[in-house]
Amino acid sequence: MSEVSRRGFLSSAVAGGLVAPIAAPALLRLRSPVAISSFNGLKAVEIAWQRMTEGWRPVDAAVAGVSVVEDDPEDDGVGIGGLPNEDGVVELDASVMDGPSGLAGAVASLQNIQNPAQVALKVMRHTDHVLLVGEGALRFARAHGFPEVNLLTEAARKKWLEWREKRSAIDDWISPDENGEHGKAWFDKYKHKTGTIHLGAVAANGDVGSCTTTSGLAFKLAGRVGDSPVIGCGNYCDNDVGTGGGTGRGEASILINSASFLVQQMGLGKPPTDACLAAVQRVDRLTKIKRLRDDKGRLNFQIQFYATNKKGEFGSASTYADQFAVCDDKGPRRVDMASLYGEPPPK
Ligand code: GLY
């Protein structure tokens with residue numbers, strides 16, 4: 001395994017703070033709320049932070065923040081404007097989790113609804129369930145008055161059409177052989193883009209909440225669900241510990257149960273950045289398929305993890321160099337994350 005990026009590690013270690021194991025003090029009072037997200041969430045963390053200073057519960061603040069990204073047609077990984085599945089249909093996934101109640105809600109493969117994170121909140125608060133999918137999730141959203149809209153923007157439709165025309169006879173249906181010796185070349189040429197926002201929120205009293213929302217892997221098989229709506233994978237929080245979440249290759253995140261792993265690592269005493277690095281290293285250790293590695297044996301995909309603890313410390317780490325967004329009393333900003341390889345992701 002390559003050396004972890006020193007520059008990325010140091011900058012986010014300073015940002016996240018190298019600290020003693022987390023206790024769970026009864027009367028914790030932070031200097032300021034904290035919101036952390038993926039790179040695309042600069043505005044989202046600012047809104048979430050603002051809402052928490054107004055006394056909003058962290059999970060509601062998180063959803064208010066990500067809704068702005070879901071509403072942005074220019075962001076092609078989330079909400080309206082998200083890239084569609086291989087049939088040209090936009091299918092959205094989202095989840096929320098609330099620290100104080102320990103409850104979660106999620107939707108997957110949801111069509112025609114612009115704000116799946118808001119629907120996930122309704123699942124959490126208005127049902128005895130955690131996850132609704134497909135047609136059932138749509139009917140539930142309709143029942144709660146969410147308007148139906150065409151999520152496929154012209155820009156996204158043109159990108160999908162270009163992909164259709166260029167993909168030749170190759171698609172996501174792969175033979176067992178492609179998981180073997182000769183699968184790598186296929187994957188290098190046709191791997192797909194992901195776009196997602198995860199937002200972890202810590203209120204000034206130490207309560208936590210979290211949210212992850214996405215249109216998933218671009219041009220995915222219809223019905224493919226990634227890690228974002230899977231509680232414990234793309235999103236998790238524990239009010240005694242903190243929040244964890246991921247973006248990037250959802251399959252890898254699911255296979256290591258990443259978000260619950262992040263929170264467990266912090267519960268065992270790791271600072272947030274170290275917990276995120278441990279998750280990246282776990283992906284590296286558990287990825288055994290050759291087509292997911294380059295000629296040097298390195299993972300050939302990007303995956304990013306984010307964590308906050310109850311004290312308001314935060315951190316992030318990825319396979320390849322990247323940045324995350326954070327907002328506290330110093331204002332919204334982007335910060336380098338720690339990374340396994342310390343260089344930009346492969347094109
Ligand atoms: N991480 C988002 C997805 O894979 O769908």
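Both counts, for ligands and for their atoms, begin at 1 and track the order of listing.
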Non-hydrogen atom of S228 closer than 4.0 Å to ligand 1
yes

(Q) Would G246 count as a polar contact of ligand 1, with the cut-off being nitrogen or oxygen pairs under 3.5 Å? (A) no

query = Passes side chain to side chain contact (heavy atoms under 4.5 Å, CB included), Q265 versus V241? Steps please.
reply = CA-CA 10 Å; Q265 290 292 302; V241 180; over 6 Å; no

Query raised in the report: Backbone or side chain, does any N or O of G216 fall under 3.5 Å from an N or O of ligand 1?
Result: no

The atoms of ligand 1 lying under 4.0 Å from a heavy atom of D227, numbered in the order shown, are 1 (N), 2 (C), 3 (C), 4 (O)

Kindly indicate whether the side chain of F305, heavy atoms from C-beta on, has any atom under 4.5 Å from the side chain of S318. no

Per side-chain contact (heavy atoms from CB on, under 4.5 Å), V123 is matched among V107, D128, V130 by V107

Ligand 1 atoms nearer than 4.0 angstrom to some heavy atom of G226 are 5 (O)

One finds that the ligand 1 atoms under 4.0 Å from a non-hydrogen atom of T196 are 1 (N), 2 (C)

Judged by heavy atoms only, the candidate from Q304, E251, R224 nearest atom 3 (C) of ligand 1 is R224

Parallel, tilted or perpendicular, judged at 30° and 60°: which one describes the rings of Y320 and Y341?
tilted

* Distance-only, no hydrogens or angles: does the T153 side chain make a donor-acceptor pair with backbone N or O of P73 under 3.5 Å? -> no

For G248, the ligand 1 atoms with a heavy-atom partner under 4.0 Å come out as 1 (N), 2 (C), 3 (C), 4 (O)

Please check if atom CZ in R139 has more than 12 non-hydrogen atoms from other residues, nucleotides or ligands closer than 6.0 Å.
no

